Amino acid sequence: MTCAPPAETVAAPLLAWYERSGRQFPWRGLRDPYPIWVSEVILQQTRVETGLRYFEPFLARFPTVQVLAAASEAEVLAAWSGLGFYRRARNLHAGARLVVERFGGEVPRDPELLGELPGVGRYTVGAILSAAFNQRLPILDGNVIRVLSRVFLVEGAPDRAAVKRELWGLAEAVLPHDRPGDFNQAVMDLGATVCTPTGPRCGGCPLVDLCRAVAEGRTADLPAPTKRAKVVFEQRVAVLVQREDGRFLLRQRPPSGLLASLWELPADEADEDAAQQAAEDIADGFAGGLLAACGVVEHRFSHRHWTTRVFRARGGDGYEAGPLERWVALAELGELGLPTVSRKAIEAALAAQLRLI
DNA sequence: AAGTCGGGGGC
DNA sequence: GCCCCAGACTT
């Protein structure tokens, strides 16, 4: 068990540092909880640099919670395309509808109620309410875990329940009554820019004098590593079947599981030896001919690695798209929920064609 | 407690 | 290759 110094011991130097060295983001300083909510969902398990590319376009497309609630899920997934963890988009959309229907369009200020929205866990509740309303609620994300683990020498792996409880307790204990909103932002900035996973810049850290990991030369050991799922390798084939008018067929994936309800080229599992035959079988379903191999697309998910052999075929002009299928033109891709792996495969299939444009 | 769920960037 | 990221949710 660790012994935390008084809250002000941490807060005062950290807030002073934040005044000087804090980062500026488009969601900082806002009082409307809706854009802050959007930013926090976008940033879940996502680097700020990546989230920044999606935040403003998303808000431009869905400027209010009412607009988001009125949109279709397909529109929201289209705006989320390439960002990953697509359940976040589904939950945000469902949450917006709940806010409009149940709370009159006002994002709840009650942590209990806010936490009932899908996709809004304890971290996100604290992040939204402390930033928008300066409510004194702690947050615990990867940055905060790293800072607290080092400053207070928390040795256990942070994915263990007991360690997580201790870290939440520390996050609450160091949280000042004065400016909890700024403080939460400050800890995350510190974790992102100074107290980094590797090569922390302790010389520029406002907490260096009270950091126990620094005192014991243990910054490199903390936080303790967590267990990781083993990567599964899968080999697939995908076929871009193109009609005379240039449109090609996309299929919607099942509504649950990996890339749920997102669009992809007709595909199947097949290793290198079986790829050609599997591609022909797919093309045959649309009376496709002129099968051409277009290359291999590698794509890594967190715990899965897909090797996709991409083919292109002519055909399908007499084939009517089923309920989970759609003949699409290149210009329509922006309207669809299209994961990055699909975009890569389509680009590979059309590479020769695209170079002519 | 472990697994699922994307994608990108650093080393 | 491995690690991590402004996590939440299911099993």
Side-chain angles (χ1 to χ4, degrees), chain A residues 22-23 25-28 36-55 77 80-92 94-95 114-128 130-131 137-147 149 156-165 167-168 171 181 184-193 195-200 220 223-233 253-254 256-262 264 298-306 337-344:
Chain A
R23 299 174 293 178
F25 296 126
W27 51 83
R28 285 242 167 113
I36 296 176
W37 176 20
V38 170
S39 76
E40 290 301 340
V41 175
I42 285 176
L43 291 169
Q44 285 169 4
Q45 286 291 287
T46 303
R47 294 175 181 281
V48 170
E49 312 86 76
T50 302
L52 278 170
R53 297 200 300 270
Y54 283 80
F55 176 72
L77 285 173
W80 210 265
S81 290
L83 191 52
F85 281 156
Y86 297 93
R87 190 168 60 170
R88 291 182 296 173
R90 259 176 249 293
N91 284 338
L92 181 59
L114 184 55
E116 289 179 13
L117 297 181
V120 180
R122 186 174 178 185
Y123 162 80
T124 304
V125 167
I128 293 172
S130 68
L137 294 169
I139 60 171
L140 191 68
D141 73 327
N143 289 309
V144 181
I145 287 172
R146 193 165 51 254
V147 171
S149 295
D159 60 340
R160 288 174 45 202
V163 178
K164 190 84 79 184
R165 271 195 301 278
L167 288 165
W168 272 109
N184 281 341
Q185 302 298 311
V187 186
M188 289 194 287
D189 278 12
L190 189 74
T193 65
C195 194
T196 48
T198 60
T226 58
K227 293 207 160 87
R228 238 155 256 297
K230 206 170 79 175
V231 176
V232 175
F233 293 81
R253 291 175 58 83
S256 65
L258 185 68
L259 305 176
S261 295
L262 298 185
E264 66 180 0
E298 301 284 349
H299 188 78
R300 298 151 184 267
F301 303 97
S302 305
H303 56 296
R304 231 174 269 249
H305 185 174
W306 280 2
L338 199 72
T340 297
V341 65
S342 295
R343 181 182 55 72
K344 285 183 184 174

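Just so we're on the same page: letters track the sequence lines, and every chain starts at 1. As the structure is a computational prediction, the values presented were derived from the model and not from experiment. Side-chain atoms are counted along with the backbone in the values below, which use heavy atoms only and exclude waters and symmetry mates.
The interatomic distance linking A:R228 (CZ) with C:dG1 (C1') rounds to 13 Å, in whole Å. A:N91 places its CG atom 6 Å from the P atom of C:dC9, with the value rounded to the nearest Å. For the pair A:Y86 OH and B:dG6 P, the computed distance is 7 Å after rounding to whole Å. Between A:W306 atom CH2 and B:dG6 atom P there is a gap of 9 Å when expressed in whole angstrom units. What separates CD of A:Q44 from C1' of B:dG7 is a distance of 15 Å, to the nearest Å. Counting to the nearest Å, the P atom of C:dC5 and the CG atom of A:D159 are 12 Å from each other. If you take CZ of A:R146 and P of C:dC4, they are 9 Å apart, rounded to a whole angstrom. The interatomic distance linking A:I145 (CD1) with C:dC3 (C1') rounds to 15 Å, in whole Å.
With a cut-off of 3.5 Å on both pairing distances, the Watson-Crick and G-U wobble pairs of DNA chain B assemble into stems of 3 or more at B:1-5 with C:7-11, B:7-11 with C:1-5.
In this structure, A:Q45 and A:T198 both approach DNA chain B, and ranking their closest nucleotides by distance from the 5' end singles out A:Q45. Of the residues near DNA chain B, A:K227 and A:L262, the one whose nearest nucleotide (by heavy atom distance) lies more toward the 5' end is A:K227.
Taking each heavy atom of A:M188 and A:R23 in turn, the nearest pair found is O-NH2, 3.9 Å.
Residues forming a salt bridge (Lys or Arg N to Asp or Glu O under 4.0 Å) with A:R300 (at least two apart in sequence, or on another chain): none. A:T124 is linked by a side chain to side chain donor-acceptor pair (under 3.5 Å) to A:Q44, counting only residues two or more places apart in sequence or in another chain. Residues that satisfy the salt bridge (Lys or Arg N to Asp or Glu O under 4.0 Å) test with A:R88, not counting sequence neighbours, are absent from this structure. Take A:W27 and apply the ring pair (Phe, Tyr, Trp, His ring centres under 6.0 Å) test, not counting sequence neighbours, and it matches A:F25, A:F55. By the side-chain contact (heavy atoms from CB on, under 4.5 Å) test, A:S302 pairs with no residue at all, sequence neighbours left out. Residues that satisfy the salt bridge (Lys or Arg N to Asp or Glu O under 4.0 Å) test with A:R28, not counting sequence neighbours, are A:D189. Partners of A:T50 under the side-chain contact (heavy atoms from CB on, under 4.5 Å) rule, at least two apart in sequence or in another chain, are A:T46, A:R47, A:R53, A:L83. A search for ring pair (Phe, Tyr, Trp, His ring centres under 6.0 Å) contacts involving A:Y54 returns nothing, not counting sequence neighbours. Looking at residues two or more places apart in sequence or on another chain, you find a salt bridge (Lys or Arg N to Asp or Glu O under 4.0 Å) between A:R343 and A:E347.
For A:T46 and B:dG8, a side-chain-to-base donor-acceptor distance below 3.5 Å is absent, hydrogens and geometry of angles not being considered. With hydrogens and angles ignored, a donor-acceptor pair under 3.5 angstrom links the side chain of A:S302 to the base of B:dG6.
The aromatic ring of A:F301 is not stacked on the base of B:dG6, since the criterion of ring centres less than 5.5 Å apart with planes inclined by under 30° is not met.
Within residues 118-126 of chain A, no residue approaches DNA chain B, by heavy-atom distance under 4.0 Å. A heavy atom lying under 4.0 Å from DNA chain B marks the following residues of residues 47-54 of chain A, by number: A:R47.
Nucleotides C:dA8 and B:dG9 are separated by 23 Å at their C1' atoms, to the nearest Å.
Using a 4.0 Å heavy-atom cutoff across all strands shown, A:A260 reaches no nucleic acid atom at all. Using a 4.0 Å heavy-atom cutoff across all strands shown, A:L259 reaches sugar-phosphate atoms only and no base atom. Residue A:G191 is classed as having no contact, given no heavy-atom separation below 4.0 Å to the nucleic acid. Heavy atoms of A:F25 sit under 4.0 angstrom from at least one base atom.
Phosphate proximity of B:dC5 to A:R304: present, with a side-chain N or O under 4.0 Å from OP1 or OP2. Residue A:H299 has a polar side-chain atom (N or O) positioned under 4.0 Å from OP1 or OP2 of B:dG7. At least one side-chain nitrogen or oxygen of A:H303 sits closer than 4.0 Å to the OP1 or OP2 atom of B:dC5.
Side chain of A:R146 to backbone of A:C195: a donor-acceptor contact under 3.5 angstrom is found.
By the 4.5 Å heavy-atom criterion applied to side chains, A:V120 and A:W37 are counted as neighbours.
Atom CD1 of A:I128 sits about 8.0 Å away from atom CG of A:L117, to the nearest 0.5 Å.
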